[in-house]
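Reading through the structure tokens given below for one structure.
All values derive from a computational prediction rather than experimental measurement. Worth knowing before you read on, the calculation uses all heavy atoms, side chains too, and leaves out hydrogens, waters and symmetry mates. Order of the sequence lines fixes the chain letters, A, B, ..., with proteins taken first and strands second; residue numbering starts at 1 for each chain.
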Protein chains: 2
Amino acid sequence: MKTTRPRTPAKSADPSPVGRPLKGAEKSTGRRFSIERIRIPKAADVLASHLRDEIVEGRLSNGEMLPTERELAEGAGLSRSSVREALHMLEIEGLLVTKPGRNGGSMVCQPSRDTIVKTVSLYISSRKTQLTSLIEARAALEPSGAMLAAKHRTDVDIEAIRSMHENLEASIDDLDEFLRANIDWHLAVIHASHNDLMIAFMESISGQVYAATNVERMNPLEIRQQVIKVHGRISDAIIEGDPAAAKRRMERHVGAYAGHLGIE
Amino acid sequence: MKTTRPRTPAKSADPSPVGRPLKGAEKSTGRRFSIERIRIPKAADVLASHLRDEIVEGRLSNGEMLPTERELAEGAGLSRSSVREALHMLEIEGLLVTKPGRNGGSMVCQPSRDTIVKTVSLYISSRKTQLTSLIEARAALEPSGAMLAAKHRTDVDIEAIRSMHENLEASIDDLDEFLRANIDWHLAVIHASHNDLMIAFMESISGQVYAATNVERMNPLEIRQQVIKVHGRISDAIIEGDPAAAKRRMERHVGAYAGHLGIE
DNA sequence: GTCAACATAATATCAGACCTTTTAAAAAAA
DNA sequence: TTTTTTTAAAAGGTCTGATATTATGTTGAC
């Protein structure tokens, strides 16, 4: 039972005997039937999809251990390398964590926000996304975030926002420190919204916004004082639980920033 | 030169000779020095990070071919399996596409929006994110999206929005078709914003919103008629290039939907 | 000149060995 | 008995080399 198997193993319930894509005869026979580039899945991909489904559908639940690589290989009729490749894919997607050693193995887990942040950050930096796009996205998310923060903030959130605001005030003379504290305050606000998705989106772009921020703009002392003042007023609205005011003020705040960049 | 090498190969410029985490003597010697769980990177991870940097920093540019796996293996002093694992990681991250066969190999490419969509969708469905969070995120993104659409729409965008709106009108009697056409119109609007990030975010959540939409609500005919009317007015604002109106109307539209779900 | 057969270069997969890490269990010491 | 140390087993991590599959040049018959 160890001899050559045909491709596309496992996933046995595939009734279409497509086989290979017609060897020659490709160049636009132009009829009403142009067959579209059949993709032959790799063994690891198939196994990965299978396991991914098992996890998402809940048949493999959080914290559960998968069989060992060797068992999976035998079970799926694949080599250990292919199994490893599949497991590795799911690990990157944040669905598994793998530990070596006795009692090690692959454990099912939920993807964390960090997975999103990594992916989106990679997208942004490898596409060299325009700063305007980042600012636009931020301008879309932050006012609503502030509004939700005013609605859902807990005592812990309030404490965090206050603390971040104090950091900002304390670092008014250190430009780099000030920019960092600025981001931290914004992140504290979005965290208070208790909306995981929006937090993830904001975390993804805030790093890049920070990296691309024109330092010049923050240079004048009065600008930094102004920022602190506005942050204070937004913090107040959130702490007092006034969603409308929080949204309005944040809208004006990020709008002012965009205006300075000529986005209007 | 093929004998056992020490771990952590390549990445030679690591000055810290940490080695293994002190063999025995672990359990809280309690001094002022508790060393924190050193993580030993895997060979594939190191190579992957290295290549990822090369790509992101632009030293490997879009469309460029990497050396063959065997060449990379020899160059990095790793086995082909480790190299393959690294390449596979980058492929999942959307930074490479790999083709088998003669003249095949790994080509550098930019991650597509699809990468984000997949990641975020996976996050949402495996965390069983609350519908309210999705609606909140949507409510944050769509008004700004409509505003940007009114600013940046091209003739092609206008045509697409018109076409989607006609589809919606045509499917008023088929509930499922109507819901799908509804989503498509919203996606056409966000596409017209020409903000890749916001498009990616909206595409990520719209599928899930669709899957979770309470069909009951759309059941009354007058509701569907109302939706069509509002969409029409938003479309008009976008087509006429009136950002403020587009934003305001979209805000009311998604607000109305949220209101029905008791989110307010 | 076209088309079929062959050659070739690359990835895909496999099989099996050995290495490293972790921990459970056994043995030794207190 | 309790604690510490040693040992061994179980798991993932890595390497090697062979084979399969795929895509594409190349060549030769017609």
Side-chain angles (χ1 to χ4, degrees), chain A residues 1-10 18-27 37-48 65-74 76-91 96-107, chain B residues 1-10 19-27 29 37-48 65-74 76-91 96-107:
Chain A
M1 202 51 116
K2 289 286 179 58
T3 59
T4 311
R5 283 171 312 87
R7 282 291 288 281
T8 312
V18 276
R20 314 279 169 284
L22 357 162
K23 270 213 150 155
E26 279 279 15
K27 55 184 74 165
R37 199 76 184 91
I38 293 179
R39 44 168 232 96
I40 295 168
K42 295 193 288 183
D45 290 329
V46 176
L47 176 56
M65 295 299 289
L66 261 57
T68 69
E69 294 178 350
R70 290 171 172 90
E71 284 169 344
L72 274 173
E74 182 164 19
L78 296 175
S79 73
R80 213 185 128 207
S81 352
S82 298
V83 171
R84 276 181 59 78
E85 234 174 318
L87 294 180
H88 217 262
M89 289 174 62
L90 298 182
E91 209 182 337
L96 293 180
V97 281
T98 300
K99 236 181 35 176
R102 185 169 179 166
N103 276 22
S106 295
M107 191 177 63
Chain B
M1 202 50 114
K2 289 287 180 55
T3 58
T4 312
R5 285 170 310 88
R7 283 293 287 283
T8 312
R20 315 277 169 285
L22 0 160
K23 270 214 148 154
E26 279 277 18
K27 56 183 67 165
T29 47
R37 200 74 185 95
I38 293 178
R39 45 169 235 98
I40 295 167
K42 296 192 288 184
D45 289 330
V46 177
L47 177 55
M65 295 299 289
L66 260 58
T68 68
E69 293 179 352
R70 287 176 172 85
E71 285 169 341
L72 275 173
E74 182 164 16
L78 295 176
S79 74
R80 225 188 113 208
S81 353
S82 297
V83 171
R84 275 181 59 77
E85 230 172 322
L87 294 180
H88 215 262
M89 289 174 62
L90 297 182
E91 209 183 336
L96 293 180
V97 282
T98 300
K99 232 180 40 174
R102 185 167 181 164
N103 278 19
S106 294
M107 191 178 62

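Each of C/dA15, D/dG12, D/dC15 was ranked by its minimum atom distance to the side chain of A/Ser79; first place goes to C/dA15.
The side chain of A/Ser82 places no N or O atom within less than 4.0 Å of a non-bridging phosphate oxygen (OP1 or OP2) of C/dA12. Dashed line: the shortest gap from a side-chain N or O of A/Ser81 to OP1 or OP2 of C/dA12 is not under 4.0 Å.
Residue B/Leu72 contributes atom CG, which lies 13 Å from atom P of C/dA12 at whole-angstrom precision. A/Leu78 places its CG atom 14 Å from the C1' atom of D/dA20, with the value rounded to the nearest Å. If you take CZ of A/Arg84 and C1' of C/dA12, they are 16 Å apart, rounded to a whole angstrom. Atoms CZ (A/Arg80) and P (D/dA18) sit 21 Å apart, rounded to a whole Å. The distance between atom CE of A/Met107 and atom C1' of D/dG12, rounded to the nearest whole Å, is 15 Å. Distance A/His88 NE2 to D/dG13 C1': 10 Å, rounded to the nearest Å. Between B/Asp45 atom CG and D/dT14 atom C1' there is a gap of 13 Å when expressed in whole angstrom units. Summarising the geometry, the separation between CG on B/Leu96 and P on C/dA12 is reported as 11 Å, rounded to the nearest angstrom.
Atom CE of B/Met65 is separated from atom CG of B/Asn103 by 8.0 Å, given to the nearest 0.5 angstrom. Here B/Leu47 contributes atom CG and B/Arg84 contributes atom CZ; the two are 13.0 Å apart, rounded to the nearest 0.5 Å. The CE atom of A/Met107 lies 11.0 Å from the CD atom of A/Glu91; values are rounded to the nearest 0.5 Å. Here A/Glu85 contributes atom CD and A/His88 contributes atom NE2; the two are 9.5 Å apart, rounded to the nearest 0.5 Å.
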Below 3.5 Å between N/O atoms, which protein atoms pair up with nucleotides 7-11 of chain D? Just atom names and distances, please.
{"from": "D/dA10", "atom 1": "N3", "to": "A/Arg102", "atom 2": "N", "distance (Å)": "3.3"}

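Taking the salt bridge (charged side-chain N to carboxylate O under 4.0 Å, His left out) definition, one finds that B/Arg80 meets it with B/Glu69, sequence neighbours left out.
A/Glu71 has its side chain out of reach of A/Leu66: every pair of non-hydrogen atoms, C-beta onward, lies at least 4.5 Å apart. The shortest side-chain heavy-atom distance between B/Leu78 and B/Val46 does not fall under the 4.5 Å cut-off.
Among the atoms of the strands shown, only primed sugar atoms or phosphate atoms (P, OP1, OP2) are found under 4.0 Å from some heavy atom of A/Thr98.
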